Amino acid sequence: MKTIDRLAIANRGEVAVRIIHACKELGIETVLLHSEADVKTLAYRLCDKPVCIGPAAVNHSYLNIEANIQGALSADAEAIHPGFGFLSENANFARECEKHNLIFVGPNVESIELFGDKISAKNLVQKVGVKTVPGYQGENQETKKLIEECERIGFPVIVKAAAGGGGRGMKIVRKSTEAEEAIESAKREAVSAFGSPIVFLEKYLDQAKHIEVQIFGDHMGNIYHLYERECSVQRRHQKVIEESLAAVLSDSLRDKILQDAINIGRAAKYKGAGTIEFLVQDDDYFFMEMNTRLQVEHPVTEMVMGVDLVKAQILTASQRGPLWTQGDLIPRGHAIECRVYAEDPYHQGIPSTGPLGGMFWPQGPGRRFDFGIESGDEVTPFYDSMIAKIIVWDETRIRAIQKMRRTLQETVIFGIKTNIPYLLAILEHHEFISGKMTTQFISKYFPSGLKHPTDCGEEIINKIKTEISQESSTVTVGGKSNSTKNPWAESVWEKI
Ligand code: ADP
């Protein structure tokens with residue numbers, strides 16, 4: 001067993017706050033490795049010791065390995081939790097931690113390297129007997145060869161950066177004439193974003209659901225699965241709404257996917273929290289990639305499984321366990337998470353920044369709010385615009401959808417614009433409610449975001465005007481009902 005009395009957090013925002021909460025419950029002191037821009041934040045106020053590691057620009061702070069290591073050592077931390085994003089899947093960072101006797105809260109360096117390269121990950125998975133999306137992952141990277149392979153696979157094809165992540169470095173090629181340009185630009189992007197020009201090709205499955213399995217390896221070598229999450233609601237390949245369990249998945253398919261995930265974890269001798277992502281289409285499923293870290297959407301798993309994944313990560317890093325038996329891990333009810341972004345939902349989601357005014361998070365049974373901001377803090381343009389996550393749990397999926405709608409309607413955030421109206425529109429959509437949505441959902445139904453209510457055309461405005469002018473509001477006075485004409489209807493609509 002290794003003792004962790006003080007843990008450094010190489011991250012920011014809501015995930016830093018999430019880690020601080022877990023540490024407080026475990027009696028561990030926290031050191032926040034933060035940038036100069038993140039002084040006015042909740043994590044800064046909640047941690048035991050803030051250490052500034054550099055300026056706002058991520059390359060000089062959150063992505064700077066040396067600065068993070070030195071920051072942790074200067075505060076006598078014994079371990080580093082990388083959260084998600086930033087250095088969380090960087091094998092060099094994990095190696096440097098080891099070199100400096102700092103416990104990296106995550107899998108070992110070999111696993112990060114193996115799964116960080118999407119091609120080596122696919123090779124391992126195929127050896128285990130799990131299907132991968134048909135494609136080409138060969139060493140010959142000449143554009144001519146890649147075009148030939150696109151033709152062989154059949155369009156549409158997706159070109160991906162081997163070292164890619166975060167929904168970036170992917171290009172969809174729909175016909176042969178687009179192939180050359182798409183491959184060349186994917187290679188250029190791969191070099192500038194991930195430092196490697198290597199790409200691979202996959203058949204683009206355009207009727208698929210994104211289903212992923214949460215796995216966990218304890219320090220004794222046991223691998224567990226904590227069932228699946230569905231993340232089909234995506235904008236530009238980035239998740240917006242996630243849920244657990246999947247909205248629609250047959251028991252027989254679920255059993256196979258979970259078993260395959262366990263087999264992959266065992267083959268990799270995986271330690272800690274990891275997520276194995278699959279595309280599910282036409283009663284068949286294909287491995288896509290494995291993420292060797294905590295996921296943004298981990299709370300939905302925590303809600304249905306009744307576990308704390310961050311505490312489990314830290315306990316495993318300090319060689320404590322086993323934490324569960326597979327038989328203990330029984331899902332109950334349904335959980336949904338909405339990512340709250342500081343952006344203008346009526347203008348293609350352009351980021352919204354500035355000081356935050358009053359906020360109200362409507363607490364209630366089965367409602368959880370993970371955020372990294374408070375009134376008076378500032379949303380800056382330097383980082384990802386996700387400022388909070390709202391998670392709800394209820395007995396069934398439809399009740400969870402209803403609870404999420406109410407929760408979003410009651411949430412108040414002054415000072416900046418958020419995507420809450422956009423989230424509500426999705427939650428009211430018949431295809432989302434039916435659970436049949438695929439990863440094409442947003443591009444199919446919300447290709448240019450949301451229309452502002454005042455931009456939705458004469459026809460709708462006239463319809464609403466008519467409804468309002470006919471509306472009677474019912475006022476209850478002393479237990480009696482009085483029917484009155486809505487006094488505001490005309491004056492409100494005249495101003496539009
Ligand atoms: P990243 O590591 O950047 O998150 P992933 O490989 O996990 O990239 O893919 C992100 C998303 O892109 C998937 O959830 C899916 O919507 C889409 N995608 C990736 N590969 C395919 C494919 N072969 N066919 C259809 N969609 C795909």
Side-chain angles (χ1 to χ4, degrees), residues 57-60 62-65 82 84-95 109-126 132-206 208 210 234-239 275-277 279 286-293 295-296 383-384 439 443:
V58 290
N59 282 335
H60 298 290
Y62 295 109
L63 288 178
N64 182 336
I65 294 180
F84 39 70
F86 296 131
L87 295 171
S88 61
E89 290 179 288
N90 186 314
N92 287 336
F93 182 51
R95 201 176 284 114
V109 175
E110 293 71 37
S111 293
I112 302 176
E113 263 168 352
L114 173 67
F115 292 110
D117 177 39
K118 293 186 184 194
I119 295 179
S120 63
K122 283 183 101 168
N123 290 336
L124 170 95
V125 161
Q126 284 169 354
T132 58
V133 187
Y136 170 78
Q137 61 218 53
E139 278 171 20
N140 187 341
Q141 290 282 310
E142 280 169 39
T143 303
K144 189 166 157 279
K145 168 72 177 166
L146 292 169
I147 296 173
E148 277 167 25
E149 287 297 329
C150 285
E151 304 279 356
R152 181 188 60 78
I153 296 163
F155 295 99
V157 169
I158 186 166
V159 189
K160 293 186 179 182
R168 292 174 308 143
M170 293 191 279
K171 289 261 175 296
I172 299 162
V173 191
R174 297 204 178 267
K175 49 183 193 277
S176 149
T177 50
E178 294 170 4
E180 184 173 351
E181 163 64 24
I183 291 165
E184 294 290 341
S185 88
K187 283 182 181 173
R188 280 193 303 271
E189 250 181 52
V191 175
S192 72
F194 310 107
S196 155
I198 306 211
V199 295
F200 63 103
L201 309 171
E202 278 178 1
K203 174 89 189 160
Y204 184 67
L205 304 178
D206 55 7
H210 173 119
Q234 301 180 355
R235 181 177 60 176
R236 298 188 287 272
H237 307 304
Q238 283 173 331
K239 300 159 187 169
T275 294
I276 305 185
E277 298 187 332
L279 284 173
F286 306 90
F287 169 88
M288 210 173 12
E289 67 160 346
M290 170 154 184
N291 293 326
T292 54
R293 55 169 163 83
Q295 298 276 103
V296 176
Y383 310 112
D384 187 272
T439 57
S443 56

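Worth saying up front: this structure is predicted, and the values here are computed from it rather than measured.
- Considering only residues two or more places apart in sequence or on other chains, Lys171 meets the salt bridge (charged side-chain N to carboxylate O under 4.0 Å, His left out) condition with Glu189.
- Closest approach of Phe194 and Ala161 over heavy atoms only: CD1-CB, 3.9 Å.
- Annotation: the span from Glu289 atom CD to Ile119 atom CD1 amounts to 13.0 Å, rounded to 0.5 Å.
- At least one side-chain heavy atom of Glu184 sits under 4.5 Å from a side-chain heavy atom of Thr143.
- Across Thr292 and Ser111, no two heavy atoms sit closer than the pair CG2-O, 3.9 Å.
- Leu146 places a side-chain heavy atom less than 4.5 Å from the side chain of Lys187.
- Closest approach of His210 to Leu279, counting heavy atoms only: CA-CD2, 4.5 Å.
- Side-chain contact between Glu277 and Thr275 is present, with at least one heavy-atom pair separated by less than 4.5 Å.
- Using a 4.5 Å cut-off on side-chain heavy atoms (C-beta onward), Lys239 and Val296 make no contact.
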Given side-chain contact (heavy atoms from CB on, under 4.5 Å), test Lys118 with Phe200 step by step and report yes or no. CA-CA 9 Å; Lys118 293 186 184 194; Phe200 63 103; 3.7 Å; yes
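- Contact record, Ile183 with Cys150: CD1-SG, 4.2 Å, taken as the closest heavy-atom pair.
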Please evaluate residues Asn92 and Ile65 with respect to the criterion side-chain contact (heavy atoms from CB on, under 4.5 Å), reporting the C-alpha separation (whole Å), side-chain torsions for both, the decisive distance (0.1 Å), and the verdict. CA-CA 8 Å; Asn92 287 336; Ile65 294 180; 4.0 Å; yes
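- Residue Asp384 holds its CG atom at 7.5 Å from CD of Gln238, rounded to the nearest 0.5 Å.
- Tyr383 is listed as a side-chain neighbour of Tyr62, based on a closest heavy-atom distance under 4.5 Å.
- Smallest separation of non-hydrogen atoms from Ile153 and Tyr136: CD1-N, 3.9 Å.
- For the atom pair CG (Asp117) and CD1 (Ile112), the distance works out to 14.0 Å, reported to the nearest 0.5 Å.
- Legend: salt bridge (Lys or Arg N to Asp or Glu O under 4.0 Å) pairs involving residues 144-159, not counting sequence neighbours, sorted by first then second residue: Lys144-Glu148, Lys145-Glu149, Glu149-Arg152.
- You'll find the side chain of Lys122 stays beyond 4.5 Å of the side chain of Met288, heavy atoms only.
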Given Ile172 and Arg174, is the side-chain contact (heavy atoms from CB on, under 4.5 Å) satisfied, shown in steps? CA-CA 6 Å; Ile172 299 162; Arg174 297 204 178 267; 4.0 Å; yes
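- There is no side-chain donor-acceptor pair under 3.5 Å between Arg236 and Gln234.
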For Asn291 and Phe115: C-alpha separation, side-chain torsions, deciding distance, then whether side-chain contact (heavy atoms from CB on, under 4.5 Å) applies. CA-CA 7 Å; Asn291 293 326; Phe115 292 110; over 6 Å; no
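- Between Leu63 and Leu87, the shortest heavy-atom distance links the atoms O-CD2, 3.7 Å.
- For the pair Pro156 and Val173, the minimum side-chain heavy-atom distance is 4.5 Å or more.
- A donor-acceptor pair under 3.5 Å links the side-chain atoms of Gln141 to the main chain of Gly138, judged by distance alone.
- Note that the CE atom of Met290 and the CG atom of Leu124 stand 10.0 Å from one another [nearest 0.5 Å].
- Phe93 has its side chain out of reach of Ser88: every pair of non-hydrogen atoms, C-beta onward, lies at least 4.5 Å apart.
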